[in-house]
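Written below as structure tokens is the structure these notes are about.
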Number of protein chains: 2
Amino acid sequence: MAKISKANITISDIAESAGVSKATVSRVLNSPELVDEKTREKIEKVIKENHYSPSATARNLSKQISSTIGVIVPEISNTFFGELFEGIEEITNKNNLSLLYCSNDDNKEKDFKALDMMRTQRVRGLIYIPAVNYKELGLLKQVQQRLDGLAGPVICVDRSIGLRCDEIYFNDRKAMYEAVKALAVDGHKRIAIINGSKQNVLAEERHNGYIDGLKESGIEVDESIIFRGDYKYSSAYSMTKQMIKLENQPTAVITCNNSISKGFLKAIYETGKSIPDAYMHIGLDKIEMLNLLGIPYNHIERDSYELGKRAVEILINRIAFPETKLQQVVLQAELELQTCRLVKM
Amino acid sequence: MAKISKANITISDIAESAGVSKATVSRVLNSPELVDEKTREKIEKVIKENHYSPSATARNLSKQISSTIGVIVPEISNTFFGELFEGIEEITNKNNLSLLYCSNDDNKEKDFKALDMMRTQRVRGLIYIPAVNYKELGLLKQVQQRLDGLAGPVICVDRSIGLRCDEIYFNDRKAMYEAVKALAVDGHKRIAIINGSKQNVLAEERHNGYIDGLKESGIEVDESIIFRGDYKYSSAYSMTKQMIKLENQPTAVITCNNSISKGFLKAIYETGKSIPDAYMHIGLDKIEMLNLLGIPYNHIERDSYELGKRAVEILINRIAFPETKLQQVVLQAELELQTCRLVKM
DNA sequence: TGGACATATGAAAGCGGTTTCATTGAAGAA
DNA sequence: TTCTTCAATGAAACCGCTTTCATATGTCCA
């Protein structure tokens with residue numbers, strides 16, 4: 001029972017040093033109640049003395065399952081996803097699961113590569129935010145095939161593109177509908193929208209909510225104030241500049257994620273205009289700093305930390321009970337209007 | 001060569017279906033030049049038809065190395081770390097390495113747990129931001145032991161606590177020194193600092209830089225305007241409130257990370273004061289939105305995306321050449337004073 | 001006293017790959 | 001023609017762990 005002088009200590013070393021078989025050591029590790037107390041204590045002592053820690057690789061291979069959960073996310077530096085990720089981590093950590101991370105940059109090729117990696121890594125389950133609207137592109141089958149090839153179940157988060165798996169997302173359409181209605185009630189008749197591309201499901205959802213709201217309020221759809229870019233700061237910035245030059249100005253603007261909102265605000269402030277004097281504005285997702293500084297910021301609030309936590313819980317449940325019916329969980333996005341002043345008419 | 005009807009296709013299935021041995025299939029996967037073209041094509045066809053993807057688990061076990069890099073980070077929702085993480089991901093992705101993520105919440109217990117997990121997972125290398133200043137706590141040996149027990153090398157990022165491994169961090173002390181000097185040159189004699197706790201190395205570095213700057217400028221150190229909290233928003237907020245009540249007010253304030261800066265700003269704005277009228281202010285790390293909105297924000301700029309990229313490069317290099325001398329890379333933090341107005345004296 | 005049963009342990013197979021070593025056949029050299 | 005060399009492949013061991021199955025020992029009861 002002397003210290004083992006070796007770089008990589010294995011279960012065999014421990015067994016030998018303790019004078020027992022590998023099987024017994026393995027039992028101490030996995031179901032200690034099966035082994036005699038004296039034997040167990042002896043083995044535990046050897047394990048401790050040598051700082052032995054069993055290899056997850058070997059264990060996973062042997063058990064035919066891994067202890068890691070995969071996550072595929074667009075971009076982690078957007079705080080919406082950053083907080084989502086923290087929510088995920090809280091729960092996986094509690095359950096002693098590791099997290100394998102991959103970003104897809106809203107990009108089909110990277111997304112496929114990420115899925116392949118998750119396959120190769122045989123993750124126990126996958127938390128998946130699809131990069132693009134594969135349904136629209138006619139690639140749904142290809143993606144589904146990849147999901148089916150995974151070792152574990154998948155939960156599709158933040159957007160629904162028609163994949164055969166559990167889903168959890170916010171009710172963006174309804175929230176947009178309500179945003180438009182709130183603006184209409186305040187007297188706005190020309191409500192612009194700056195949105196992501198048609199390839200993005202969420203953009204479509206939001207677009208539809210916008211249309212719903214207009215119709216309900218008896219406002220005619222005007223294509224000239226419907227802007228579609230790519231959910232990125234820079235495209236929103238240039239579209240806003242474009243909008244500012246329009247002859248027939250909107251009186252209110254809705255921006256469809258926080259990067260777009262930032263690009264929009266940048267363009268506005270650069271031009272010397274201000275919110276809400278130039279335009280009434282409602283953004284999607286909060287922008288923490290604005291709130292902190294007391295700058296009015298009407299927005300649709302979505303708690304992504306909660307989204308992350310719930311997603312993992314559903315996934316873990318699915319792993320435990322693979323055969324139960326697939327579920328779609330819809331979280332409510334809340335319209336937070338802090339300073340929705342009336343417009344002069 | 002018919003389609004294999006089976007859930008988990010293994011290398012043996014492929015071998016059988018192609019009428020060759022496992023060894024040959026393995027060669028096609030790893031060193032195709034060793035196998036005859038015809039055989040190779042046949043095998044590749046079978047692989048493709050069956051969507052076979054080799055198990056990383058099995059491969060890792062067999063090769064005795066894994067293909068994943070571990071990352072231990074305080075909190076991913078702080079954009080400093082978010083961008084750091086994206087930098088990391090860019091390089092690992094290029095090198096076909098997976099990323100195993102773990103947060104430590106600036107918390108010793110979680111940090112140790114994370115290290116143990118990295119050990120168990122046998123990561124190929126580790127990117128490590130230590131939770132606390134273990135040197136100060138007398139726990140350096142324990143941590144070093146954990147690092148030594150890992151399967152691969154470690155790079156310690158963003159702070160140096162005296163661990164035996166490669167390191168990369170910003171020259172915070174110098175940047176702080178320069179910040180203080182710039183304020184002194186502008187006529188400030190009472191410069192407050194809101195900082196993290198003494199347990200945090202970075203906080204100490206920054207503190208020292210602050211003291212250096214005061215001394216160099218012939219300003220006496222005044223403990224009553226040196227605030228120490230925990231690098232969190234809320235503690236900064238309450239310390240600022242406390243500061244505002246002080247009889248002998250400072251004329252300038254330095255805040256030592258972006259969470260502290262936010263807490264500080266919140267308290268300031270809430271009190272109806274404004275920057276830079278109430279206090280001249282220099283923060284550490286940028287706050288993106290302020291810049292966007294044209295709100296003046298003097299700060300020390302640290303490019304964490306770059307930090308992440310460099311860290312992985314060093315780590316990969318270390319994996320390739322384990323015996324070369326350990327390196328310490330110091331990146332320069334840049335003082336960005338956008339509107340450093342003179343104070344009335 | 002002997003048989004049934006429970007408890008504690010070990011031997012060995014298996015997880016899905018890689019790698020070493022041996023074997024085979026063909027090409028080139030003598 | 002025979003010997004050498006090399007390219008292509010397969011058999012089998014191995015990586016570190018889990019798990020099944022068999023065995024040994026002890027306990028209980030008839």
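Just so we're on the same page: letters track the sequence lines, and every chain starts at 1. Not measured: the values here are computed from a predicted model. Scope of the values below: all heavy atoms of this structure, side chains included, with no hydrogens, waters or symmetry mates.
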Measure from [atom1] on [X] to [atom2] on [N] and round the result to the nearest Å.
{"X": "A/Asn8", "N": "D/dG16", "atom1": "CG", "atom2": "P", "value": "7 Å"}
{"X": "B/Arg59", "N": "D/dG16", "atom1": "CZ", "atom2": "P", "value": "18 Å"}
{"X": "B/Leu61", "N": "C/dT19", "atom1": "CG", "atom2": "P", "value": "12 Å"}
{"X": "B/Ile47", "N": "C/dG16", "atom1": "CD1", "atom2": "P", "value": "16 Å"}
{"X": "A/Ile43", "N": "C/dA8", "atom1": "CD1", "atom2": "C1'", "value": "11 Å"}
{"X": "A/Ile9", "N": "D/dC17", "atom1": "CD1", "atom2": "P", "value": "10 Å"}
{"X": "A/Lys42", "N": "C/dA8", "atom1": "NZ", "atom2": "P", "value": "14 Å"}
{"X": "A/Asp13", "N": "D/dC15", "atom1": "CG", "atom2": "C1'", "value": "13 Å"}

- Item | Contact state string [nucleotides 4-13 of chain D, B base, S sugar-phosphate only, - no protein heavy atom under 4.0 Å] | ----SBBB--
Would the number of heavy atoms belonging to other residues, nucleotides or ligands and lying under 6.0 Å from [atom1] of [X] be above 12?
{"X": "A/Glu16", "atom1": "CD", "result": "no"}
{"X": "B/Lys38", "atom1": "NZ", "result": "no"}
{"X": "B/Asp148", "atom1": "CG", "result": "yes"}
{"X": "B/Lys135", "atom1": "NZ", "result": "no"}
{"X": "A/Glu37", "atom1": "CD", "result": "no"}

- Message: By the 4.0 Å heavy-atom rule, please label B/Asn30 as base, sugar-phosphate, or nothing.
- Response: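 The residue B/Asn30 makes sugar-phosphate contact but no base contact.
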- Message: Categorize A/Ser26 for me: base, sugar-phosphate, or nothing, with a 4.0 angstrom heavy-atom threshold over every strand shown.
- Response: base
- Item | Separation between OH of A/Tyr134 and CG of A/Leu140, rounded to the nearest 0.5 Å | 10.0 Å
- Message: Would you say A/Tyr52 places a side-chain N or O within less than 4.0 Å of OP1 or OP2 belonging to D/dG16?
- Response: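 Checking A/Tyr52 against D/dG16: no side-chain N or O falls below 4.0 Å of OP1 or OP2.
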- Query: Under 4.0 Å between a Lys/Arg side-chain N and an Asp/Glu carboxylate O for B/Glu90 and B/Lys94?
  - Reply: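 Here B/Glu90 pairs with B/Lys94 in a salt bridge, since their nearest N and O are under 4.0 Å apart.
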- Presence of salt bridge, B/Arg318 and B/Glu313, under 4.0 angstrom: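 Salt bridge absent between B/Glu313 and B/Arg318.
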- Between B/Ile9 and B/Ile14, is a side-chain contact (heavy atoms from CB on, under 4.5 Å) present by the stated rule, with each step listed? CA-CA 7 Å; B/Ile9 297 172; B/Ile14 299 296; 3.9 Å; yes
- Among residues 62-70 of chain A, which contact DNA chain C at a heavy-atom distance under 4.0 Å?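 Close to the strand are A/Ser62, A/Gln64.
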